Amino acid sequence: MHAVEAENVWKYFGDYPALRGASLQVNKGACLALLGRNGAGKTTLLRILANLSRPGKGEVRLLGLASHTPEARRRIGYLGHGIGVYDDLSAVENLILFGQLLNLDNPRETALNALERVGLSRVKDGLAREFSRGMRQRLAVARAFLHDPELLILDEPFTSLDDRAVAVLQKLLQDAQSRGATIIMSTHQIREAMELATDVALLERGKVAFAGPQTVVMLADPGWLYRNHGAPE
Amino acid sequence: MHAVEAENVWKYFGDYPALRGASLQVNKGACLALLGRNGAGKTTLLRILANLSRPGKGEVRLLGLASHTPEARRRIGYLGHGIGVYDDLSAVENLILFGQLLNLDNPRETALNALERVGLSRVKDGLAREFSRGMRQRLAVARAFLHDPELLILDEPFTSLDDRAVAVLQKLLQDAQSRGATIIMSTHQIREAMELATDVALLERGKVAFAGPQTVVMLADPGWLYRNHGAPE
Amino acid sequence: MRAGFAAAFAIARKDLQTELRTRESLTASLSFSLVILVLFSFAFDLGREELYAISGGLLWLVYSFAGALIVNRSFARELPNDCLDVLVSSPAPGWAIFLGKTVAAFFLLLIVELVSLPFFGLFYNISWWQSPGTLLLVIFLATWGIAVVGVAFSAVTVNIRLRELMLPVLLYPMLIPLLLGAIGTTTALFTRDPEALKSMGSSIQLMIVFNLIYTSLSLYIVEFILIV
Amino acid sequence: MRAGFAAAFAIARKDLQTELRTRESLTASLSFSLVILVLFSFAFDLGREELYAISGGLLWLVYSFAGALIVNRSFARELPNDCLDVLVSSPAPGWAIFLGKTVAAFFLLLIVELVSLPFFGLFYNISWWQSPGTLLLVIFLATWGIAVVGVAFSAVTVNIRLRELMLPVLLYPMLIPLLLGAIGTTTALFTRDPEALKSMGSSIQLMIVFNLIYTSLSLYIVEFILIV
Amino acid sequence: MREKLTYALGILGTLVMLFNLNTIFGDLPDEAMQGTIFRIIFIHVPAAINADIFLFAALCASVAFLAKKNFLYDSISVACIEVATMLLLLNLVTGSIWGRNQWGIWWAWDLRMTSQLMCFLLYLGYLLVRPAIAEPTQRATMSAFISIFAFADVPLVLMAIRLPNVKTQHPGPVLETGNLAPVYQGPFALGILALFLLGTALVLVRLHQETSRREIDSLRRELHSF
Ligand code: HEM
Ligand SMILES: Nc1ncnc2c1ncn2[C@@H]1O[C@H](COP(=O)(O)OP(=O)(O)OP(=O)(O)O)[C@@H](O)[C@H]1O
Ligand SMILES: Nc1ncnc2c1ncn2[C@@H]1O[C@H](COP(=O)(O)OP(=O)(O)OP(=O)(O)O)[C@@H](O)[C@H]1O
Ligand SMILES: [Mg+2]
Ligand SMILES: [Mg+2]
C-alpha cells in the first residue's frame, strides 16, 4: 500500500486546468521533494492532498483511505504558506484547540509535549501575536506535528527561515522520518530539499513530468532536473 | 560620497527596539547583501532607507541627500515583499501611473521600454490580476527599475521564484550594476546572494555585526558568517 | 456526531475567548450601535407617539447593523495566518465548524443587544421592561436568525473583495421576513397595543419557521462551500 | 507644487478608473444604499406627514452609511500587493496622495448619491426636485466633508485590524456637525417650511466652515500619518 | 442547432407577443372599474409568474452544480437569474405605474411589494457578487449557495396575498379564485406564454455567451501563464 496515491488528478479554475492529469505514488516512509516552476501546480496538488480543495476529476487515496474521510484527515499534518495559528491565543491554547479538533484524548498534555519538542515550553503562555517570526514558525510546526501524523504535507516550509529555524524543522522532519512517517514537501530551494529527500517529483504545467528516487547527479547539479525533464522556454 | 549612509539608526516598535543603533555605509556601485536572522531588523532597516518608515533616532543620507527629500525619493527603486502593482490595471497602465508619480517626461514610452526589457511586451494590455506569479514578479521588477534608479532597495527578491524568474531578475540586476547603480538586498539564501554581492553586511538584533567586502570563504561556506559574527544561540 | 459537537464547542469557545480577550469587535460593535442610536435621535425629530410607533423598527435596525458588523468578522477572523485552512483540513465536519461559529456569533450579538437595550430605553424614553420574558424570547429568536444567516453569508463572502459591502447587500434583504416578525412583536410589546399583541403569535411562528428553514439549510449546505 | 497636483490627478484618475472598470464597488455601494433605503422605510412605517419631517435625516443617514463604506475602501484599496508602500516611497508628497484619493472618493460618493436620490423620492413619495440648485449645493458641501474626513480616517485606520469597525465608530461622531447642517437644510428643502428655509443660510455656513477646517487640517497632517 | 432553436423561440415569442398585444389593445373591452390601465395586467402578472419560473430553474441548476460541479449548471443558473431579474424589474415597474394610476402613489410598503422588491434586490446581489469573486470554481459555488438561499423569498412573495392574517394594499388573487372574467383569460395565458418563450430565448443567448466567455478566459489565462 502506498501512503499517497493520486490518480489522474485534474483541477480546473474555471476552464483553466491547473492540474491536467497528475498522477503520483509515494511510498510509506518516503520523503518526496515536489519541484516545479511557478504556477506548475504544486500548491494546488498539495491542497487537494490535504483535502482543502476538491479535485475536478481523478482520485486521491491517503494511507489507503479516501482522502475526505475523517480518519484520513486525522492522520495527516498540513503546513501551508500561512502558519495556521491564532494570534490572539497563547501557544498552549492554540495547540489545545487543535488537539480538540483532532479529537485527541488528552489535548493539554499533548500540547505541552509538542511545545517541549520545538523548544517553546518557556513561553507557552505567551500570545502568538507577540512571537517573533522564528518562534511563530516553530509554533506552526508544533501544530502540524501535534498528533504525530503519518503523512506530512508541507508547502515551501523552508522559505524565509533563518539557519536556526531551518535546523529545528529539519530535526523534526528527520524524527518523523525515523518513526516511519511519510513526507511530501514542495520547494524552490532544490539544493536544501535534496539533502532531505529520498524521492523527487517534478510538476510541469499540471502534469508529473518526472518521478523517481533522488540520485547523486541531482544533488550535485541543481539545474539537472529542469534541463532534462522540464519544458523548454 | 557614499550611496547610502545610515548612522546610528534606532527604531522602536512601542518599547521594543527593532534597530539599536545600526550604522551602514554602502559605496556607489556596490551590491550589498544584507544578511541576518529572522527578526534581526533587515526589513525595518530597508523600509527606513526607502523612506517608508521614519527612524526614531539617527540619520540616513541617500546619494548625498537627506532621505525624505523628493529628489532622493526620485532616485531610488524599492521592491518589498508585495509586488506593488495594481491588480485592476493593465501592465502598461500600471507603469504609466508610476511614471506619472515619478514625474517622468514621457511615461508611456518609458513604460513600453520597461516592459520590453522584462519580456512582457506581448501581454502589455493584460490585467495584472490575470498574470501568473512569475509574470507578476517581472512586472514588479519593471516597476522598480522604471526610472533607472541609482539606488535599488530589494527585500528578499529571490524568495519563491523559479529558475527562470531568478534568471530575469539577475540579468536586470547585473545590467543595473554595470551602469553604476548601487544595490542593497536582504536575503536568507546566502549562496545565491553571494554570487551577485560585492559586499556583505550582517544584522544581529538590530545592530550591524559585520560589514565588509565579500570574500572567498563566505562563498565556499555559507555558515561561516553566522558562526563567526552571529550571536550564539 | 459526538466528535462533531465537541469540535463545534471548541470552535465556539475559541471565538468567544479571542473576542472577549481582545474585546475589539465587541466594543466596536457596541459603540457603533450607540453611535447610530444617537445619530438616529439627531436625525429624527419626532413626537412621543410617533417614536413609540417606530420604536421596534429603530431597535431592530440598530441591532441588524451591529449584527452585520459582528457576523462579518465571523469567518474573516480565520483569514490571518490561513487558519481557515487548518479548520477545514481538520477532521471536524463542515457543519460543526459552522455551528460553532454561529453559536459564538449568537452570544456576541446577544451581549451587544442586551447592553444597548437600556441605552435605547434611555435615549428614546421607552419603557421596554414590561414583559421581559416575551421580549427575551423575541430577541433570542431574531438573534439566532441573524446569526445563522449572517454566518452563512460570512462564509460565502469571506474571500471576496468588498466583503464589508457585499455582506449587508445580501444579508439585509434575506433577513426581511425575520425582521418583519421581530419589529412587529417588539413594537407591540413597547406600545402594548391590544390589537398588535394579539397577532404576536403568528409573528413568532414566522420567526420560528424562518430559523428552522435557514438553520437546517445552512448546516446541510455549508460542507459544499467550505471546500471548493 | 505643480508636480504634486499632477500626482494627485494621476492618483484620482487611477482610483476612479479601477473603480469604474470593475464597477463592483460602485454597484455594490449603490445597491447597499438601496437596500438600506428599503430597510429604513420598511422599519419606519410612517404616515406621509411624519415622513416629510424626517426625510432629510433619512436621506443623510443612508448617504453617510454608504459613504462610510466607500471611503473605507479609499486607502484599503492600496493594501493588496503593498501598493501603499509604492505610493508613499514615490516622490509625490503626502498631501497630493490625500488630495487625489479624496477627489476620487468625492466623485464616487456623488455618483451613488445622485443615482439613489430618485429612488429615495420614489419610495418615500417625496418631491425632491423643487430647488435643484440649492439641493445640489448642499449635497456637494456635505459630500466633500464626508469624503475629506472619511479618507483621512481611512488613512489612519488602514493598517489597524478592524478597519471596517473602527472607521464608522470614529467617523460618525466626527461628522455630526456636518450632518446636522445637511439634515436641516435638506428637510427644509423637502418640506418647504418657510421658517426652516430662512435658517438655511447659517447651516450652509456651518458646513463651509467645517469643510475648510478639516480639509486644511487633513492636507497638512497627512504626511505624518502616512509615514510612521 | 442551439442557434436555430434560439432564433425559433425568439421569433415565436415575438409573434405571440404581437398577436396578443393586438388582441389586448384591439379586441378586449375596458375593465369596468379601472378602465384602460387594467391592460397592464397582461404584462404585470406574466412577468411575475415567468420570473418565478426562471428562478426555480436557477434553483435546480444551482443544486445540480453543487452536486455535479459541472460549470454548465452554473451558466444556466446565471442566465436564468439574469432574465428573471429583468422580469422582476418589469413586474415592479408595471406595478408601480399601476399603483400610481390607481392609488396615486408610486409605492406602498405592503408585504407583497416589499417582499417582491427584496426578491429583486437579493438576486441583484447575486449578480453583483459574481464578478467580485475572482476564482471561477469558488464563484460558481458561492453563487449556487446564494441562489438556493435567496429562493426562499419566492414562496413568501407568492404567499403574501394569500395569508389569512396579513393585510395588503395589493389586490388579492384573481387566478385560482376565478375572479378574472373569461374574456381576459385567453390573452392572459398567451401573455405568460409569450414572455416564457422570449425569456427562454434570452437564456439560451446568455448561455452561449457565458460558455464562450469561459473559453476565452481560459485561452487568455493560458497566454498569460508562461
Ligand atoms: C410595485 C408594486 C407591485 C408589485 C411588486 C406587484 C407584484 C405582483 C406579483 C409578484 C404578482 C404575481 C404573483 C402571483 O401570481 O400571486 C402580482 C399579481 C397581480 N398584481 Fe401586482 N404588484 C404591484 C402592484 C400592483 C397594482 C398597483 C395592482 C393593481 C391595482 C396590481 C394588481 C395585480 C393583480 C390583479 C395581480 C394578479 C393576482 C393573482 O391572481 O395572483 N399589482 N403583483
Ligand atoms: N485560486 C485560484 N484561482 C485561479 N487560478 C489559480 C488559483 N490558484 C492557482 N491558480 C492557478 O493555477 C496554477 C497553479 O498554481 P499553483 O499555486 O498550484 O502553482 P505553484 O506550483 O504552487 O506555483 P508557485 O511556485 O508560484 O507557488 C497557476 O497558473 C495559478 O495561476
Ligand atoms: N509593524 C511592527 N510592529 C511591531 N513589531 C514589529 C513590526 N515590524 C517588525 N517588528 C519587529 O521588529 C523586529 C525586526 O523585524 P524585521 O521584519 O525587520 O526583521 P527581518 O530581519 O526582516 O526578519 P525576517 O528575516 O523574518 O524577514 C522583529 O522582532 C519584529 O517582530
Ligand atoms: Mg505554491
Ligand atoms: Mg524581513
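Every chain is numbered from 1, with letters handed out A, B, ... down the list of sequences. Computed from a prediction, not measured in an experiment: that's the story for all the values here.
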Side chain to side chain contact (heavy atoms under 4.5 Å, CB included) assessment of C:W60 paired with C:T186: CA-CA 9 Å; C:W60 284 103; C:T186 313; 2.8 Å; yes

Counting only non-hydrogen atoms closer than 4.5 Å, does [X] touch chain C with its backbone (N, CA, C, O), its side chain (CB onward), both, or neither?
X      : value
A:R143 : side chain
A:E93  : side chain
A:S90  : backbone

Pick one of side chain, backbone, both or neither for [X], based on which atoms fall under 4.5 Å of a heavy atom in chain A.
X     : value
C:A6  : neither
C:Q17 : side chain
C:V88 : both
C:R2  : neither

Tell me whether the centres of the aromatic rings in C:W95 and C:F98 are closer together than 6.0 Å.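 That pair fails the under 6.0 Å test.
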
State whether a side-chain donor-acceptor pair under 3.5 Å links C:R163 with C:N72.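 Present: a donor and an acceptor within the cut-off.
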
So, C:N81 side chain and C:C83 main chain: donor-acceptor pair closer than 3.5 Å or not?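 It does not hold such a pair.
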
Which residue out of C:A7, C:A96, C:S89 racks up the most heavy-atom pairs below 4.5 Å with chain A?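 Highest number of heavy-atom pairs under 4.5 Å: C:S89.
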
Identify the two heavy atoms, one from A:L146 and one from A:A114, that lie closest to each other, and give their separation to 0.1 Å.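 Where A:L146 meets A:A114 most closely, the heavy atoms are CD1-CB, 3.8 Å.
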
Side chain to side chain donor-acceptor pair (under 3.5 Å) contacts in which one or both residues fall within residues 44-65 of chain A, not counting sequence neighbours: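 Qualifying pairs, neighbours excluded: A:K11-A:S53, A:R47-C:D85.
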
Pairs of heavy atoms under 4.5 Å with chain C: top-ranked of A:I96, A:I76, A:L101: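 Highest number of heavy-atom pairs under 4.5 Å: A:L101.
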
When the ring planes of C:F32 and C:F65 are compared, do they come out parallel, tilted or perpendicular, using 30° and 60° as the limits?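 Perpendicular: the ring planes of C:F32 and C:F65 meet at over 60°.
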
